[in-house]
Peer 1: 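Submitted below is the structure of interest, expressed as structure tokens.
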Number of protein chains: 2
Amino acid sequence: MRSPDQLTDAFRARGLKMTPQRQLLFRLLHGNDTHPTAESLFERASHEMPGISLRTVYQTMNDLVAMGEIEQVSVGGGPARFDPNTDDHHHVVCDTCGTVRDVYVSGADQLAIDGLDGFDAVAPAIVFHGECTQCASSSNPPHHSTKEN
Amino acid sequence: MRSPDQLTDAFRARGLKMTPQRQLLFRLLHGNDTHPTAESLFERASHEMPGISLRTVYQTMNDLVAMGEIEQVSVGGGPARFDPNTDDHHHVVCDTCGTVRDVYVSGADQLAIDGLDGFDAVAPAIVFHGECTQCASSSNPPHHSTKEN
DNA sequence: TCAGTAATCTGCAACTCGTGCAGACAAACA
DNA sequence: TGTTTGTCTGCACGAGTTGCAGATTACTGA
Ligand SMILES: [Mn+2]
Ligand SMILES: [Mn+2]
Ligand SMILES: [Zn+2]
Ligand SMILES: [Zn+2]
């Protein structure tokens with residue numbers, strides 16, 4: 001994703017207007033590698049701009065996706081996630097806490113695929129599932145078990 | 001997925017009962033490579049058993065997934081798809097008509113992954129997007145047709 | 001064979017995530 | 001400034017899925 005200033009120009013070049021809501025969302029997305037949901041962006045945005053609507057967050061994300069400035073990531077179930085990182089990369093999802101992180105896979109577009117059968121396929125989306133280090137270390141809690149009696 | 005008869009035994013071994021609804025759904029799934037949705041299974045089931053409820057389809061699919069007899073496939077957006085093929089395989093999705101087909105990818109678990117950083121990841125799920133031969137050759141391609149089983 | 005019981009089925013409400021819509025509002029521009 | 005658009009907000013609605021409760025049915029054991 002380009003910088004907030006560059007996005008402002010890009011929006012105006014398309015005949016779209018610049019608004020405080022959009023500028024705020026540009027700032028919240030810039031350099032954000034947490035793959036936020038619309039809801040999480042809405043919460044953070046509401047902190048700086050009480051009254052901003054969730055509808056506006058969805059609209060702005062849709063605009064940015066349509067312009068190719070961000071990508072919509074789907075990791076199977078749960079709300080959509082938005083990704084200002086448009087590098088050729090893939091994702092690993094913690095099935096315990098839902099965290100999504102970037103991974104870079106080499107040779108992904110040289111995989112030997114059997115069964116395509118004329119199907120015109122483009123680059124694959126690869127999602128690894130697993131458990132993040134944080135969840136792995138807290139899954140064996142020596143203290144504070146919630147279900148002991 | 002095992003045969004309907006074997007699934008009957010597996011259900012009974014778990015203290016679950018065998019019902020006409022379950023038997024019908026076992027038959028509709030067996031050898032089915034169309035990655036059907038709950039809704040499409042419900043439509044086909046309703047022909048043979050008017051009055052069967054969509055709720056029962058969802059419940060039975062959830063049971064089968066919990067038992068590892070089928071897999072739930074998510075291809076990003078739209079309803080969940082259910083897959084009696086439990087081989088180690090991946091999927092290609094037609095973005096025009098929604099068709100999902102199996103592909104077999106060699107070397108998928110030997111990919112060089114950068115950024116894992118201690119993240120304990122298992123085998124990846126790979127989804128190719130593209131256009132199927134039918135949609136590519138048709139001048140009036142079906143859009144998310146109801147012909148899926 | 002036939003109750004007793006426990007699991008199941010069905011119908012509907014409710015829930016999550018996202019979109020359509022309409023009227024108030026505000027950015028761009030002369 | 002005033003006019004023209006595009007935008008924001010709030011709400012209703014839609015798709016997909018699950019929770020729930022009462023009626024129903026499959027198994028069990030006499
Ligand atoms: Mn990413
Ligand atoms: Mn499959
Ligand atoms: Zn985690
Ligand atoms: Zn197609």
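Reminder, nothing fancy here: chain letters follow the sequence lines and each chain counts from 1.
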Peer 1: Round to a whole Å and report the spacing from CD1 of A:Ile52 to C1' of D:dG10.
Peer 2: 14 Å

Peer 1: Atom CD of B:Glu39 to atom C1' of D:dT18: distance rounded to whole Å?
Peer 2: 15 Å

Peer 1: A:Ser53 side chain: which of D:dG10, D:dT17, D:dA26 is closest?
Peer 2: D:dG10

Peer 1: For A:Ala38 and for B:Met18, locate the closest nucleotide of DNA chain C by heavy-atom distance; then report the residue assigned to the nucleotide nearer the 5' terminus.
Peer 2: B:Met18

Peer 1: Check the phosphate of D:dT9 against A:Gln21, side-chain N and O only, distance under 4.0 Å to OP1 or OP2. Yes or no?
Peer 2: yes

Peer 1: Counting just side-chain N and O atoms, does B:Tyr58 come under 4.0 Å of either OP1 or OP2 of D:dT18?
Peer 2: no

Peer 1: I want to check one thing: is the phosphate of C:dC12, taken as OP1 and OP2, less than 4.0 Å away from some side-chain N or O of B:Arg55?
Peer 2: no

Peer 1: On DNA chain D, does the nearest nucleotide to B:Pro20 precede the nearest nucleotide to B:Gln72 from the 5' side, or the other way round? Give the residue.
Peer 2: B:Gln72

Peer 1: Indicate whether the side chain of A:Thr34 and that of A:Asn32 have a donor and an acceptor atom separated by less than 3.5 Å.
Peer 2: yes

Peer 1: Per the atom types in the model, does the base of D:dG6 pair as donor or acceptor with the side chain of A:Arg14 at under 3.5 Å?
Peer 2: no

Peer 1: Measuring to OP1 and OP2 of D:dG16, would you say a side-chain N or O of B:Thr37 lies under 4.0 angstrom away?
Peer 2: no

Peer 1: Which word best sums up how the rings of A:His91 and A:His35 line up, parallel for under 30°, tilted for 30 to 60°, or perpendicular for over 60°?
Peer 2: perpendicular

Peer 1: Tell me: CG of B:Leu54 to P of C:dC9, nearest whole Å?
Peer 2: 13 Å

Peer 1: Could you state the CG-P distance from A:Leu24 to D:dT9, rounded to the nearest angstrom?
Peer 2: 10 Å

Peer 1: Contact between A:Asp120 and B:Cys132 at the side-chain level, heavy atoms closer than 4.5 Å - yes or no?
Peer 2: no

Peer 1: Whole Å only: how far is the CG atom of A:Asp63 from the C1' atom of D:dT7?
Peer 2: 10 Å

Peer 1: Is it true that the side chains of A:Asp102 and A:Asn85 contain a donor and an acceptor less than 3.5 Å apart?
Peer 2: yes

Peer 1: What is the distance from CE of B:Met61 to P of D:dG16, rounded to the nearest Å?
Peer 2: 17 Å

Peer 1: To the nearest Å, how far apart are A:Met49 CE and D:dT7 P?
Peer 2: 15 Å

Peer 1: Using atom CZ of B:Arg22 as one end and atom C1' of D:dT24 as the other, report the distance to the nearest whole Å.
Peer 2: 14 Å

Peer 1: Rounded to the nearest 0.5 Å, what's the gap from CG on A:Leu116 to CZ on B:Arg101? Could you check?
Peer 2: 8.0 Å

Peer 1: For D:dT9 and A:Thr56 - does any side-chain N or O of the residue sit under 4.0 Å from the phosphate oxygens OP1/OP2?
Peer 2: yes

Peer 1: Within the structure shown, what part of the strands sits under 4.0 Å from B:Leu16 by heavy-atom distance: base, sugar-phosphate, or nothing?
Peer 2: sugar-phosphate

Peer 1: Can you say whether a donor on the side chain of A:Lys17 sits under 3.5 Å from an acceptor on the base of C:dA26, or the other way round?
Peer 2: no

Peer 1: Base, sugar-phosphate, or nothing: which does A:Gln59 touch, judged by heavy atoms less than 4.0 Å apart?
Peer 2: base

Peer 1: Check every atom of D:dC27, C:dC17, C:dA28 against the side chain of B:Arg12 and return the nucleotide holding the closest atom.
Peer 2: D:dC27

Peer 1: Aromatic ring centroids of A:Tyr58 and A:Phe82 under 6.0 Å?
Peer 2: no

